[in-house]
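Below: one structure, written as structure tokens.
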Amino acid sequence: MSMPQTKAIQLPPPAENQALAKVFALNGGFLTLPERLFVTDADPTKAVTVPSLCFLVEHKTADTRTERIVFDLGIKRNLTQYADGMRHHIPARQPIITHPDTRASLTDAGLDPEKDIDYVILSHSHWDHVGTPSDYPNSQFIVGSGTLHMYKHGAPYYPSEMFEKEPLPLERTRELPPTSESYSQNTFSARQTEHKWQPLANFPNAIDFFCDGSVYIIDTPGHLPGHLNLLLRVEKDKWIYLGGDCCHDTRILTGERDIALYDDGHGGKRSVHSDLESAKTTLARIKAFLDTFGDSVEWIVAHDLNWATQNQHRFLAPKQ
Ligand SMILES: [Zn+2]
């Protein structure tokens, strides 16, 4: 009788002239998170003002043109532009800092958000990630499967009133196709795209965005319908994993804490994730991936204050 085989988690080897991604952090504002909503064994009175990190990803194409992605747009600089359904939520996240935002970060560095950004990819559409899309009037927006349905119909714990009526420019928005593991309540039929979900390492669904192994979009369901992460090859064998809101506290990914459950206001318990079971599966997958690759994959989640504090030199630098 043969032994059961455990399949090794592997990443694709670099090509001869492997294309790479360059990654810079961008400011997306700050908001304040009460610890008890996010991690177990929390200090009930503790709240931490954390960044909503965004990123600029630069990719050089074969014809040497640089293509640029902005991953997440952070907090809107004008808080009055949020949907009415956010009116009670936003004061509960004060102090909030809205400047500098991604637009200011890019323009200070000599980039023009109206001309220089090819793609805006949103990890998900929570208010502290969707930013001010009108700052990018010529970019193509990319969102995960189920996002457009959610704007209209809401998701568990996140009713449609929490989303603006037209949060994104639909004529320039591409929703990625559904995956076999997509959000269970997703009935939205996405329009066809050339991108196909394929397994990568231990992730069942990933898209090789530029088809050259430099930028992968990873389907990471659970937090909100259409939640996406990015895996970026920054050297031949070095990667950066942008985890969005797969967790809001790094101690969940290191295994020191668990996801908090709190009163849902209707006699039950909820978490910050719209689909807790999917979120747990996704986290377990990310953890196994990171454990496998150790120092060759750096991981950054959107609200990691420590990373932002220790890595100021990795933010896009203002022009001298
Ligand atoms: Zn979120």
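Both counts, for ligands and for their atoms, begin at 1 and track the order of listing. Only a predicted model underlies this, so the values are computations on that prediction, with no experimental measurement involved.
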Q. What's the atom name of the N, O or S in H126 nearest to the Zn ion (ligand 1)?
A. ND1

Q | Close aromatic pair by centroid cut-off 6.0 Å: Y158 and H126 | A | yes

Q | Minimum heavy-atom distance between A21 and L232, given as atom pair plus value | A | CB-CB, 4.2 Å

Q. Looking from the Zn ion (ligand 1), what is the angle between OD2 on D245 and NE2 on H223, to the nearest 10°?
A. 100°

Q: Might you point out which heavy atoms bring L283 and I252 nearest each other, and give the distance in Å?
A: CD1-CG2, 3.8 Å

Q | Under 3.5 Å donor-acceptor, N202 side chain and I9 backbone | A | no

Q. Short check: any N/O/S atom of H227 below 2.8 Å from the Zn ion (ligand 1)?
A. no

Q) What class does the angle between the rings of H124 and H129 fall in, given that below 30° is parallel, 30 to 60° is tilted and above 60° is perpendicular? A) tilted

Q: Using 2.8 Å as a strict upper limit, say whether an N, O or S atom of H248 approaches the Zn ion (ligand 1) that closely.
A: no

**Q.** Residue H124, metal the Zn ion (ligand 1), N/O/S under 2.8 Å
**A.** yes

Q. Within the stated cut-off of 2.8 Å, is an N/O/S atom of D128 closer than that to the Zn ion (ligand 1)?
A. no

